[in-house]
Amino acid sequence: MSCLFCRIVAGELPCRKVWENEHVLAFHDIRPAAPVHVLVVPKRHVESVWELDDRALAGELLLAAAEVARVLRLDAGFRLIANTRHDGGQEVGHLHLHVVGGKRLGPMLPR
Ligand code: 5GP
Ligand code: ZN
């Protein structure tokens, strides 16, 4: 299995787990861009938002991100990011939501 996040889901590679259920795993990003930076990934391989066609799984991902925010007490706010494909700057080809917070974040994108 060559997909990095599939290997993490399978337990072949370690991660710092934050939360999981049957469908979704959430773990700390290895190169955090903010005090809190967690990746929320489906346990089954989906390449990106572009390929996502499973409504139930889409809901699971969003609810998992909300659960992560509550577990990590991000009541002051946070940001969800889904970099998608080449122009979106996606580096890992396994769908993931970034949950970023723990400080006042700047503008969404540089202008
Ligand atoms: P992307 O650019 O695809 O949206 O984000 C991929 C994210 O995965 C990056 O923020 C990067 O730091 C993170 N990442 C890459 N390799 C690993 C890893 O082996 N473990 C963890 N926990 N995060 C990783
Ligand atoms: Zn995968």
Side-chain angles (χ1 to χ4, degrees):
M1 191 195 305
S2 59
C3 171
L4 180 65
F5 289 172
C6 280
R7 294 186 68 189
I8 288 177
V9 167
E12 290 176 21
L13 294 173
C15 73
R16 288 174 56 219
K17 183 168 79 180
V18 175
W19 187 88
E20 74 178 321
N21 72 5
E22 186 188 347
H23 306 288
V24 178
L25 175 66
F27 53 91
H28 290 280
D29 195 291
I30 206 166
R31 271 188 63 226
V36 173
H37 188 169
V38 172
L39 302 172
V40 178
V41 313
K43 288 191 172 179
R44 83 169 168 83
H45 183 87
V46 176
E47 200 79 8
S48 79
V49 170
W50 182 260
E51 287 81 12
L52 180 60
D53 61 0
D54 180 335
R55 286 171 190 274
L57 186 58
E60 289 285 347
L61 281 170
L62 193 56
L63 291 175
E67 199 60 43
V68 165
R70 289 189 284 263
V71 166
L72 297 179
R73 304 186 185 286
L74 297 178
D75 44 290
F78 58 94
R79 186 171 292 162
L80 296 182
I81 301 168
N83 296 324
T84 303
R85 293 198 148 186
H86 179 267
D87 279 6
Q90 183 175 2
E91 287 175 2
V92 176
H94 180 128
L95 173 60
H96 50 283
L97 297 178
H98 297 253
V99 181
V100 182
K103 70 169 186 181
R104 184 86 190 263
L105 300 168
M108 187 173 68
L109 289 170
R111 291 178 192 274

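All ligand and atom numbering here is 1-based and tracks the order in the structure.
Considering backbone and side-chain atoms together, His98 places an N or O closer than 3.5 Å to an N or O of ligand 1.
Note: Leu39 CG to Leu97 CG = 9.0 Å, rounded to the nearest 0.5 Å. Separation of atoms CZ (Arg55) and CD (Glu60) is listed at 15.0 Å; rounding is to 0.5 Å.
If you number the atoms of ligand 1 from 1 as listed, the ones under 4.0 Å from a heavy atom of Phe5 come out as 8 (O). Numbered from 1 in the order shown, with element, the atoms of ligand 1 that lie under 4.0 Å from a heavy atom of Gly89 read 2 (O). Within the listing of ligand 1, atoms 3 (O) sit less than 4.0 angstrom from a heavy atom of Gln90. Of all atoms in ligand 1, listed by their number and element, those nearer than 4.0 Å to a heavy atom of Asn83 are 1 (P), 2 (O), 4 (O). Residue-ligand proximity, Arg31 to ligand 1, at heavy-atom distances under 4.0 Å covers atoms 12 (O).
Note on His45: its N/O/S atom closest to the Zn ion (ligand 2) is ND1.
The nearest non-hydrogen atom to atom 10 (O) of ligand 1, considering only Leu4, Ile8, Asp29, comes from Asp29. For atom 8 (O) of ligand 1, the choice among Leu39, Ile81, Thr84 with the nearest heavy atom turns out to be Leu39.
The single protein non-hydrogen atom nearest to atom 23 (N) of ligand 1 is Ile30 N, 3.3 Å, given as residue, atom name and distance. The protein non-hydrogen atom at the shortest distance from atom 22 (N) of ligand 1 is His28 O, 2.9 Å. Protein heavy atom closest to atom 3 (O) of ligand 1, with residue, atom name and distance, is Glu91 N, 2.7 Å.
The closest approach between His96 and ligand 1 falls below 4.0 Å for a heavy atom of the residue. Under the 4.0 angstrom criterion for non-hydrogen atoms, Cys15 is not in contact with ligand 1.
Distance alone, capped at 3.5 Å, is enough to place a donor-acceptor pair between the His94 side chain and the Pro42 backbone. Formation of a donor-acceptor pair under 3.5 Å by the Lys43 side chain with backbone atoms of Asn21 is found in this model. Remark: side-chain polar atoms of Gln90 are paired, donor with acceptor, to backbone N or O of Glu47 under 3.5 angstrom.
Salt-bridge check for Glu51 with Arg85: passed, with a basic side-chain N closer than 4.0 Å to an acidic carboxylate O. Using a cut-off of 4.0 Å between Lys/Arg side-chain N and Asp/Glu carboxylate O, Asp75 and Arg70 are scored as not salt-bridged.
Contact of the Leu72 side chain with the Val18 side chain is registered, since non-hydrogen atoms from C-beta on lie closer than 4.5 Å.
By the 30° and 60° cut-offs, the orientation of the rings of Phe5 relative to Phe27 is perpendicular.
Annotation: angle subtended at the Zn ion (ligand 2) by Cys6 SG and His94 ND1 is 110°, to 10°.
Ring centroids of His98 and His37 are separated by less than 6.0 Å, placing the two rings close together.
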